[in-house]
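By convention in this document, chain letters (A, B, ...) are assigned in the order of the sequence lines, proteins followed by strands, and residues within each chain are numbered from 1. For the numbers below, each heavy atom of this structure counts, side chains included, while hydrogens, waters and symmetry mates do not.
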Number of protein chains: 4
Amino acid sequence: MRTVDPIKHEEKRREILDAAGRCFVRKGFQGATIASICAEAKISPGHLYHYFASKEAIIQEMVKARLNATARFFGKAVDGADVLATILAGVEASMTDAKNIGQEMRIDMLAEAGRNPDMAKIIEENSSALRAQISDFLRKGQARGQIDPELDPMVTAGVLLSMSDGLKTLSLRNPTLDVAKNIQVLKILFARFLAPPKS
Amino acid sequence: MRTVDPIKHEEKRREILDAAGRCFVRKGFQGATIASICAEAKISPGHLYHYFASKEAIIQEMVKARLNATARFFGKAVDGADVLATILAGVEASMTDAKNIGQEMRIDMLAEAGRNPDMAKIIEENSSALRAQISDFLRKGQARGQIDPELDPMVTAGVLLSMSDGLKTLSLRNPTLDVAKNIQVLKILFARFLAPPKS
Amino acid sequence: MRTVDPIKHEEKRREILDAAGRCFVRKGFQGATIASICAEAKISPGHLYHYFASKEAIIQEMVKARLNATARFFGKAVDGADVLATILAGVEASMTDAKNIGQEMRIDMLAEAGRNPDMAKIIEENSSALRAQISDFLRKGQARGQIDPELDPMVTAGVLLSMSDGLKTLSLRNPTLDVAKNIQVLKILFARFLAPPKS
Amino acid sequence: MRTVDPIKHEEKRREILDAAGRCFVRKGFQGATIASICAEAKISPGHLYHYFASKEAIIQEMVKARLNATARFFGKAVDGADVLATILAGVEASMTDAKNIGQEMRIDMLAEAGRNPDMAKIIEENSSALRAQISDFLRKGQARGQIDPELDPMVTAGVLLSMSDGLKTLSLRNPTLDVAKNIQVLKILFARFLAPPKS
DNA sequence: CATGAATGAGCTTTCATTCAT
DNA sequence: CATGAATGAAAGCTCATTCAT
């Protein structure tokens, strides 16, 4: 009796997705090969197709997993008492620990979404969920007088999300950039944008 | 006998670069094939190599040409009398005519720069030039009291450039987005960021 | 589970090398194509690269294998009691069974060595080993009074090796050549060259 | 009236053949490209086909020209008073000025003849002519008592020709070879082979 | 005579995927 | 479950040759 242990199966899938993630970060979605993913995951190519139907499926699942991780992480981050301070801390964290929560692939994912409808849909759904989270958080801030009540929470959430994409391109465009100075200016930007106008 | 005609040669090169550009927008740098570029340019694969040494060379020249076009366009845009108003108009233009000055490839170029040193160098040099332009413009605005004099012009220029990358991801993340509302919020963002604080 | 079977792998490599050898004999190193080698070996082009990294690698391994076979064959041949008689028998064998021990490619290999440093190195090392074998054999003959003691064994070995290249060109230059007569003259040549002068 | 100056035409052909020769020496028959020959001859590819029907035709004419040059050179060399001394001097010359009379391609030509019937025919005809020349010369030597009268002149001529091919492989097989020592041994070889037996 | 633009078949190599074991 | 042998359809690129001017 061949009992397929569903837990082990799921574990293996996760291992492969992790390995694939490392390869995609190094080489991009198209540049990474099934062979390299197999080498990284220490399995044979034939075996990989036991777990995933195609390279495309791996990419999609991997991206979903990373986006979900981001959203979960985000959900936790987003319950500080001081809404604006929390956001500013998030900007700073994004600039200093650039390598953490699966953010290395953000630009690749967005580029891919520009021409691959499946990827576009994934990004869209995740963005929509994130916007809702951020929007709620902003509303809380508005209720507490920490965020300008004139700003439409949902639209503002979308703008914040896309501006955070911009954070990822700063160091691509300027490898010798002075992180501290940029954080300072970025904090001014977000603070002035979001804070309620004085008087 | 003295044929050669370097003008025709240059014209053909430009035609091929244009065709390549269209293919890259559709499929990405890696996804577009030499065959597809040749079909688009209506030449044979062999002939393409009369004009370019490799696919890589085509990508690089095409990207440089587009970035230069952007920089030129930018140079013209950036001499309005009212610096802040000019920037806000630029934000609005970027949101409404998203398809004009070779901007469709921005995210692809940045993604490619993340793992291709040659592309990284091209992006870096162009970004450096753009930052210098924007920085000069901001300084002018500061002299005229239109821009907050406390902001470091060069750092702020870099931040503006990267935030403008974010503009490109807005519609990727939210295809049903209300452009007018977003423009309104974005104008608030940039205006509050850059305007001199009220005394 | 522990399949792998390095023996089968090695067997397949040998099969491919043999097939490649037949193609190279027919068409030369540059004239033979990967496709023709695959057809001869009855495998797909993709599969060939499971076993060899490149066409160049196939050429080199194949040449090395043939040269080693020659050297082994040579080592056995070269232990007759009568040194001079053994050499003369070798000349005769070389003229009569021209097609056996992988000698069909000798001239191609030497031509290739003239412009390919990797091939030059392979030929050089093999030649050096063969010269050492022949030299030892000649010294034995000198000790036994069968070979002229005045001849420098190493230099003479090199000369014999290169003269044996000449044997391969005889029939190329003269397809209607009378083998028997040529053997007779060649035996005179080598005998007079090597035999101790009559007191 | 377009008068085709046949002398100029012939001159141009010769120039192209010379250029082709240099390319073939550097890269081999298959390795040299029409483009490289055109560059070397400073003409355009289209123009080259005014003078030659195909690459194959260039190769054949070039080889014929070189072989004829060799034969002419040979004809002159071969009328010394002392036949054996002339041959030994030829051996020495062949070892010291390896780059003179178009001999750099000998091995390539022979390799090509092994699989290309057209080339085989060319080599064959030239070899036949050379054998006749050498044979005549040997006969003269026999008449003068300088060459062993027992040797069949025609067969011996063929053997000498092929042994001279071997001279070309000496330095291919042993790049650090001591030319002086080899010349010495080679002279012994040819002298003992050809000289009339004492008493 | 002379150019170089243009062709297209064919080259080596890669890679997602399937299959026998 | 797991392997790696095997496939075959491209991919980027080369090059002898032809053609319009």
*Asks:* Touch check for D/Ala32, heavy atoms < 4.0 angstrom, all strands: base, sugar-phosphate only, or nothing?
*Replies:*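 Sugar-phosphate contact only.
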*Asks:* For D/Lys27 and F/dA16, give me the distance from atom NZ to atom P, rounded to whole Å.
*Replies:*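 Rounding to the nearest Å, NZ of D/Lys27 and P of F/dA16 are 13 Å apart.
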*Asks:* To the nearest angstrom, how far is A/His50 atom NE2 from E/dC19 atom P?
*Replies:*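 Nearest whole value for this atom pair: 14 Å.
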*Asks:* Between B/Lys64 and B/Glu125, does any side-chain N to carboxylate O distance fall below 4.0 Å?
*Replies:*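 Result for this pair is no, no salt bridge flagged.
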*Asks:* Rounding to a whole Å, what distance do you find between A/Phe52:CZ and E/dT18:P?
*Replies:*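 So the CZ-P distance, A/Phe52 to E/dT18, works out to 16 Å.
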*Asks:* Under the side chain to side chain contact (heavy atoms under 4.5 Å, CB included) test against A/Tyr51, which residue among A/Arg14, A/Glu10, A/Lys12 passes?
*Replies:*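 By the side chain to side chain contact (heavy atoms under 4.5 Å, CB included) criterion, A/Tyr51 pairs with just one of A/Arg14, A/Glu10, A/Lys12: A/Lys12.
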*Asks:* Can you check the C/Lys55 NZ to F/dT14 P distance for me, whole Å?
*Replies:*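 Going from C/Lys55 (NZ) to F/dT14 (P), I get 15 Å.
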*Asks:* Just name whichever nucleotide pairs with F/dG8, Watson-Crick or G-U, keeping both distances under 3.5 Å, else none.
*Replies:*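 Pairing partner: E/dC15.
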*Asks:* From the options E/dG4, E/dT17, F/dT7, select the nucleotide whose nearest atom is closest to the side chain of C/Ser44.
*Replies:*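 Within the option list, the nearest is F/dT7.
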*Asks:* Check this for me: does any side-chain nitrogen of one of B/Glu61 and B/Arg13 sit under 4.0 Å from a carboxylate oxygen of the other?
*Replies:*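 Looking at B/Glu61 and B/Arg13, the cut-off is met.
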*Asks:* Using only side-chain N and O atoms of B/Tyr49, determine if any of them is under 4.0 Å from OP1 or OP2 of F/dC13.
*Replies:*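 Yes.
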*Asks:* Rounded to whole Å, how long is the line connecting atom NE2 of A/His9 with atom C1' of F/dC1?
*Replies:*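 After rounding, the gap between these two atoms is 10 Å.
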*Asks:* Rounded to whole Å, please give me the gap between CD1 in A/Ile16 and C1' in F/dA2.
*Replies:*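 Roughly 12 Å, once rounded to whole Å.
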*Asks:* What is the distance, rounded to the nearest whole Å, between atom CD of C/Glu56 and atom P of E/dC11?
*Replies:*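 Answer to the nearest Å: 18 Å.
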*Asks:* Between B/Ala53 and C/Leu48, just flag the one whose closest nucleotide in DNA chain F comes earlier from the 5' side.
*Replies:*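 It is C/Leu48 whose nearest nucleotide is closer to the 5' end.
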*Asks:* Heavy-atom nearest nucleotide on DNA chain F for B/Phe29 versus C/Pro45: which residue maps closer to 5'?
*Replies:*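 Taking each residue's closest nucleotide, the earlier one in sequence belongs to C/Pro45.
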*Asks:* Determine which nucleotide pairs with F/dT21, using a 3.5 Å limit on both distances of a Watson-Crick or G-U wobble pair.
*Replies:*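 WC or wobble partner is E/dA2.
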*Asks:* Are the side chain of D/Ser127 and the backbone of D/Ile123 linked by a donor-acceptor contact shorter than 3.5 Å?
*Replies:*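 Yes; at least one donor-acceptor contact below 3.5 Å.
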*Asks:* Let's see if you can work this out: which of E/dT17, F/dC13, E/dA5 has an atom nearest to the side-chain heavy atoms of B/Ile34?
*Replies:*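 Of the options given, the side chain of B/Ile34 lies nearest F/dC13.
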*Asks:* Under 4.0 Å between any heavy atoms, over every strand shown, what does D/Tyr51 touch: base, sugar-phosphate, or nothing? Just pick one.
*Replies:*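 The residue D/Tyr51 makes sugar-phosphate contact but no base contact.
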*Asks:* Take B/His47 and D/Lys42, find for each the nucleotide of DNA chain E with the closest heavy atom, and name the residue whose nucleotide sits nearer the 5' end.
*Replies:*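 Counting from the 5' end, the first nearest nucleotide belongs to D/Lys42.
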*Asks:* Does D/Ile43 or A/Thr33 map to a spot on DNA chain E nearer the 5' end, using the closest nucleotide for each?
*Replies:*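 Nearest nucleotide further toward 5': that of D/Ile43.
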*Asks:* Are B/Phe24 and B/Asp108 side-chain neighbours, meaning at least one heavy-atom pair lies under 4.5 Å?
*Replies:*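 No, side chains not in contact.
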*Asks:* Measure the distance from CD on C/Glu10 to P on F/dA5 and round it to the nearest whole Å.
*Replies:*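 From C/Glu10 CD to F/dA5 P: 12 Å.
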